[in-house]
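Numbered from 1 within each chain, the chains take letters A, B, ... in sequence-line order. Note that the structure is predicted; figures quoted are calculated from it, not measured.
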Amino acid sequence: MREVPWLRGLNPEQRTAVMHTDGPLLVLAGAGSGKTKTLVHRVVHLVRGHKVEPSRILVVTFTNKAADEMRERVRAFAGDDAAAVIVSTFHSLGVRILRWHGEKLGLPRRFAIYAAADQLGALRQATEEIHISDDRFDLKRVLAQISHWKTRRVTPDEARDEVAEQGGAGTRADEYAVLAADAYGRYEDTLRACGAVDFDDLLLLPVKLLEQDEEVRRDVWRRWHYLMVDEYQDTNAVQLHMTRLLAGARRNVCVVGDDDQSIYAFRGADVGNILEFEHHFEGTAVIRLEQNYRSTKRILEVANAVISGNPHRHPKRLRTDNPIGAPVLLYEHADDAAEAERVAAEISVRRFRERRAWRDFAVLYRANTQARPLEEVFRAKAIPYRVVGGTSFFDRKEVADALAYLRVMVHPRDEIALRRIINVPTRGIGRTTVTRVADKGRADGMPFAKALGAVSDDDVGAAQASSVREFLDLLETRRHALKAAEQAARRPPPATGLPPIARWALDLFRGVGLEDMIRGDRRMNNAEARIGNLRDLAGTLARYERKRWAEVADRMEDGGAAALVLTPEFARGDAGAPGDDGDDDAWRPPTLSDALARLALADLDDPDADPDDADADVVTLMTLHSAKGLEFDDVFLVGLEEGILPHARSIDDGESDALAEERRLLYVGITRAKRRLTLSRCRSRRRGGDIVEVLPSRYIEEVPDGLLEFRPEESVLSAEESKDLRENFFKNMKEMLDDG
DNA sequence: CCAGGGGTCCTTTTT
DNA sequence: GGACCCCTGG
């Protein structure tokens with residue numbers, strides 16, 4: 001075979017995977033085996049080797065980060081002619097399909113996408129109607145149950161039957177199931193009434209469309225001829241069906257994944273999908289990538305030892321030609337403060353001694369709350385760091401409020417958002433008034449938004465009614481201003497200053513009194529930071545607007561003016577709502593509605609993750625879940641205790657599946673490390689009010705002696721290290737300066 | 001009826 | 001640190 005550039009640098013298995021382009025293909029790719037690389041080269045092979053039209057190739061990922069990376073690498077390797085390859089997350093793909101065909105399900109053209117807080121609001125409303133007091137039930141748990149049904153494609157009726165069959169009753173769990181089954185249907189009704197869908201719907205509804213409607217199927221089959229799915233082990237039942245439907249009769253489907261890295265069962269992922277792939281797609285070819293290019297031998301040995309304790313795996317054993325590397329350390333600390341101290345000290349010392357950069361280090365933990373002690377110490381020691389995930393920027397109260405304002409602007413009947421802001425800042429419309437209006441509306445068969453407009457002095461009292469009217473006027477005025485801003489946004493933004501929509505948003509936040517409200521809140525000492533968050537939100541809109549216009553510039557450069565396709569409405573200049581309609585990938589000017597949809601899918605930058613510091617020189621702190629797919633030179637895994645990893649909830653569940661998943665989580669963490677791995681655990685931990693002794697994680701206990709180097713903690717720095725640091729301080733410093 | 005203060009409880013993982 | 005409840009004063 002002639003040597004072609006896109007096959008260079010691949011091992012025989014990877015080559016086979018790249019060249020197998022007809023019929024179903026399952027690539028079982030171990031951690032660090034060049035999985036992404038293989039996918040990228042496969043895309044390139046299709047485009048360059050088989051002359052496949054790039055836009056006929058669809059690559060599906062789970063996260064936007066993964067999609068971005070894939071897009072970037074395809075482009076870097078195959079050049080701009082491959083830029084038209086569609087790389088999308090399952091959820092964004094769902095949005096596309098719903099935009100094109102959602103009307104067939106009675107979905108409005110502009111539908112809102114509800115995330116955690118909104119879903120909870122919708123559920124609260126739904127359960128209020130059936131008079132179930134919240135205080136006896138944790139609505140989050142109910143929501144989790146509903147979501148679980150949805151990911152398994154169980155309808156409300158089926159859920160009720162399922163619960164009735166199990167019958168048992170009496171136990172707490174059953175009570176929840178009964179409530180959840182009851183609430184499920186009402187929750188769905190509430191969403192539809194709000195013109196909204198939740199995250200599960202973004203998968204569920206497109207599948208429904210594809211199943212029911214021949215026209216929709218033909219449309220997607222016409223668009224995409226080659227399908228690739230990354231991280232296939234994380235697919236749920238709905239995603240399996242979507243994969244099948246998208247693959248269609250062509251069955252040019254290639255899925256890549258690692259059953260040992262399946263860590264999302266809690267949200268419905270089913271490892272069975274990858275284990276049974278050969279049964280779901282007859283005639284599947286299977287390729288294993290077992291050569292690891294990432295980690296040292298020692299790290300890989302520990303990883304293999306940990307994961308081998310799990311039953312039901314696709315048997316495989318990763319091997320590597322990498323050097324044996326430094327010993328894997330296991331520290332034991334008095335508590336999490338000492339642990340954090342040690343991690344910080346180690347990082348400082350190693351960076352110094354081994355001349356690493358801050359960005360070479362990552363600290364991984366099971367739960368977001370574990371970040372706090374680390375943050376405290378890092379701040380005290382002036383170690384630059386970044387916390388990934390956690391309480392998202394968008395979950396902060398002031399940001400959520402501001403966002404609700406934006407949503408009400410675009411979706412006037414979004415009851416959840418409406419209720420959130422109707423008295424924020426306080427304007428004399430209290431709980432009682434809201435309840436009365438809602439009840440009256442329900443009695444008259446009116447949606448909440450309409451009931452508000454129809455409010456009369458008799459219903460709620462003159463003062464309240466007038467406040468409501470004032471509030472509605474306020475919204476109307478702002479909506480007017482938005483129209484003007486979106487009109488202005490049809491032209492390229494000025495080089496400096498805020499683009500029109502962002503400017504309008506900032507005006508809105510000020511004008512409705514959100515800023516004053518924050519300033520006036522004595523309980524909060526960080527008022528300015530929170531006002532800064534509002535600015536950042538506007539900044540996100542500004543970046544969005546600029547990015548859209550930058551795309552125009554790209555298209556102009558790439559293919560001349562012809563590449564800039566505008567929707568007919570836009571070209572005519574009379575589109576009422578550019579950005580939402582049209583069923584092609586034509587460029588459209590920025591709109592608030594489009595920005596919000598992207599925001600909901602986390603498709604826009606989190607302002608916390610400043611674009612500038614995406615590759616800033618900082619230590620990364622994140623959960624094991626967030627770490628999947630990433631790699632770092634030097635990795636710390638903290639809190640390896642019973643109750644943390646495995647998490648107490650997984651232990652309580654008593655299900656071995658949950659414990660197997662916790663083990664995989666540890667496996668994922670271990671295999672993130674390239675050069676060095678440091679494990680640690682604490683002897684005691686705060687639980688509730690008091691401090692309790694905790695046991696080491698069972699998974700660590702299982703690792704054979706000799707693979708780990710045990711370090712009982714005495715002082716933060718060992719005597720030897722302190723001495724070394726003192727004596728060599730100036731020498732090291734000088735070397736560093738010489739280097740820079 | 002509304003606003004604001006003070007107390008209490010919990011806190012897995014995420015598109 | 002936050003979400004939520006209850007209480008008090010206007």
Side-chain angles (χ1 to χ4, degrees), chain A residues 60-67 88-95 113-117 119-120 124 133-135 138-141 144 147 150-151 197-203 231 234-236 238-239 262-269 364-372 375-376 388-392 395-397 400 423-436 460-465 467 517 520-526 600-603 622-628 639 643-653 658 661-662 664-666 668-669 686-689:
Chain A
V60 184
T61 61
F62 272 79
T63 64
N64 284 297
K65 203 164 38 165
S88 169
T89 64
F90 269 109
H91 291 86
S92 313
L93 189 63
V95 171
I113 300 168
Y114 279 7
Q119 286 177 279
L120 221 47
R124 181 167 299 123
S133 51
D134 311 1
D135 47 328
D138 174 7
L139 287 184
K140 278 187 195 145
R141 193 168 152 188
S147 171
K150 292 180 85 164
T151 56
V197 300
D198 66 15
F199 272 92
D200 297 319
D201 289 328
L202 291 179
L203 307 173
E231 307 279 15
D234 289 328
T235 50
N236 62 30
V238 184
Q239 285 158 328
S262 162
I263 53 174
Y264 284 104
F266 72 91
R267 63 173 200 210
L364 310 181
Y365 37 78
R366 172 71 234 261
N368 285 304
T369 50
Q370 291 173 260
R372 207 176 300 161
E375 281 193 80
E376 279 168 21
V388 176
T391 342
S392 141
D395 287 339
R396 274 171 233 172
K397 199 177 170 316
N423 205 30
V424 177
T426 54
R427 48 171 74 89
I429 310 173
R431 243 183 99 135
T432 320
T433 302
V434 171
T435 310
R436 282 189 181 173
V460 295
Q464 284 80 334
S467 294
M517 180 184 78
D521 195 337
R522 276 177 298 292
R523 281 177 303 192
M524 298 296 167
N525 45 4
N526 51 353
L601 294 170
D603 201 7
M622 66 182 153
T623 64
L624 292 162
H625 282 90
S626 315
K628 195 174 63 154
I644 303 273
L645 188 71
H647 194 272
R649 298 243 190 168
S650 301
I651 301 174
D652 293 347
D653 278 0
E661 178 146 315
E662 297 284 312
R664 290 192 290 267
L665 211 37
L666 176 58
V668 166
R686 298 174 57 101
R687 198 166 290 164

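With values rounded to the nearest 0.5 angstrom, A/Leu645 atom CG is found 6.5 Å from A/Leu624 atom CG.
A search for side chain to side chain contact (heavy atoms under 4.5 Å, CB included) contacts involving A/Arg267 returns A/Phe62, A/Tyr264, not counting sequence neighbours.
Remark: C1' of B/dT11 and CG of A/Leu120 are 15 Å apart, rounded to the nearest angstrom. Note: CZ (A/Arg664) to C1' (B/dT13) measures 13 Å, nearest angstrom. In this structure, A/His625 places its NE2 atom 9 Å from P of B/dT13, rounding to the nearest Å. Atom CG of A/Leu139 and atom P of C/dC4 are 9 Å apart (whole Å). We find that CZ of A/Arg141 is positioned 14 Å from C1' of B/dC10, with the value rounded to whole Å. The CD1 atom of A/Ile263 sits 17 Å away from the P atom of B/dT12 (whole-angstrom rounding). Between A/Lys65 atom NZ and B/dT15 atom C1' there is a gap of 13 Å when expressed in whole angstrom units. When rounded to the nearest whole Å, the span between CD of A/Glu375 and C1' of C/dG1 equals 12 Å.
In terms of phosphate contacts, A/Arg372 brings no side-chain nitrogen or oxygen within less than 4.0 Å of OP1 or OP2 of B/dT11. Phosphate contact (OP1/OP2 of B/dC10, side-chain N/O of A/Arg649, threshold under 4.0 Å): absent. Between A/Asn368 and B/dT14 there is a side-chain N or O to OP1 or OP2 distance below 4.0 Å. Phosphate proximity of B/dT15 to A/Arg267: absent, as no side-chain N or O sits under 4.0 Å from OP1 or OP2. Contact between the side-chain N/O atoms of A/Thr623 and the OP1/OP2 oxygens of B/dT14 is found at a separation under 4.0 Å.
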Name the pairs: protein N/O against N/O of nucleotides 1-3 of chain B, kept only if under 3.5 Å.
residue	atom	partner	partner atom	Å
B/dC1	OP1	A/Arg436	NH2	2.4
B/dC1	OP2	A/Thr432	OG1	3.1
B/dC1	O3'	A/Gln464	NE2	3.1
B/dC2	OP1	A/Gly430	N	2.9
B/dC2	OP1	A/Thr433	OG1	2.2
B/dC2	OP2	A/Thr432	N	3.4
B/dC2	OP2	A/Thr432	OG1	3.0
B/dA3	OP1	A/Gly428	N	2.7
B/dA3	OP2	A/Asn423	ND2	2.9

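Among the atoms of the strands shown, only primed sugar atoms or phosphate atoms (P, OP1, OP2) are found under 4.0 Å from some heavy atom of A/Tyr264.
Using a 5.5 Å limit on the distance between ring centres and a 30° limit on the angle between planes, the aromatic ring of A/Phe266 counts as stacked on the six-membered base ring of B/dT13. Centre separation under 5.5 Å together with a plane angle under 30° holds for the ring of A/His647 and the six-membered base ring of B/dT12, marking them as stacked.
No side-chain heavy atom of A/Val434 sits under 4.5 Å from any side-chain heavy atom of A/Asn423. Side chains of A/Asn64 and A/Ser92 form a contact here, defined as non-hydrogen atoms less than 4.5 Å apart. Residues A/Met622 and A/Leu364 form a side-chain contact, since some pair of their non-hydrogen atoms from C-beta on lies under 4.5 Å apart.
Nearest approach of A/Leu93 to A/Val60, heavy atoms of both residues: CD2-CG2, 4.1 Å.
If you find the closest nucleotide of DNA chain B to A/Val388 and to A/Thr369, the one lying nearer the 5' end belongs to A/Thr369.
Of the candidate nucleotides B/dT12, B/dT14, B/dT15, B/dT12 has the atom nearest to the side chain of A/Ala367.
Taking the six-membered ring for Trp and the full ring otherwise, the centers of A/Phe266 and A/His625 sit less than 6.0 Å from each other.
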task = Take A/Gln464 and A/Arg436 through the side-chain contact (heavy atoms from CB on, under 4.5 Å) test and state the conclusion after the steps.
result = CA-CA 11 Å; A/Gln464 284 80 334; A/Arg436 282 189 181 173; over 6 Å; no
